[in-house]
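Please read the structure below before turning to the comments.
Atoms within a ligand are numbered from 1 in the order they appear, just like the ligands themselves.
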Amino acid sequence: MTYDHNNVFAKILRHEIKTSFILEDKYFASFNDLCPKAPIHVLVIPKGDYTDIYDFNAHANPQEIIGFYKGVSQTIKQLGLLEHGLRVISNMKDWGQQEVMHYHLHILSGKK
Ligand code: AMP
């Protein structure tokens with residue numbers, strides 16, 4: 001699948017759509033989901049142009065992969081979830097009901 005530079009997360013990364021980042025560095029950004037499905041619902045996205053989990057894992061370079069997953073851990077810590085835990089979800093394509101075609105992880109928490 002070709003990466004669409006007009007997807008909403010690409011616009012967020014270009015600051016064309018306003019979002020306050022929880023954390024950000026050269027490899028990732030994390031921010032609250034617009035329509036939370038849990039008391040805590042945060043998205044973590046890589047900075048690179050990858051459509052989904054398969055595309056990212058297959059084509060990102062090792063620095064991008066390490067940087068992204070460190071960002072996931074930093075976000076989990078920043079949210080104070082190390083004690084109580086969380087659920088991570090990544091939707092992919094049609095059957096996974098992926099809506100935004102820029103790879104992202106959902107972090108869901110705040111209740112059982
Ligand atoms: P997915 O179905 O995995 O592609 O999920 C996309 C998620 O992006 C949904 O949970 C949406 O609520 C969320 N979303 C869409 N637009 C925005 C936005 N501007 N800021 C934050 N989250 C968004």
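Within a 6.0 Å sphere centred on CZ of R14, other residues, nucleotides and ligands contribute more than 12 heavy atoms.
Ion pair K47/E64 not flagged as a salt bridge, since none of the NZ, NE, NH1 or NH2 atoms sits closer than 4.0 Å to an Asp/Glu carboxylate oxygen.
Using cut-offs of 30° and 60° for the angle between ring planes, the H41 and H106 rings count as tilted. Between F31 and F9, the angle of the ring planes goes over 60°, which puts this pair in the perpendicular group of the 30/60° scheme.
Contact residues for ligand 1 (protein heavy atom closer than 4.0 angstrom to any ligand atom): V8, F9, I12, F31, N32, D33, L34, C35, K37, L43, N91, Q97, Q98, E99, V100, H104, H106.
Linking ILVMFWY residues whenever their side-chain heavy atoms come closer than 4.5 Å, directly or via other members, places V88 and V44 in the same cluster. Hydrophobic cluster membership differs between V8 and I22, with clusters built from Ile, Leu, Val, Met, Phe, Trp and Tyr side chains linked at under 4.5 angstrom.
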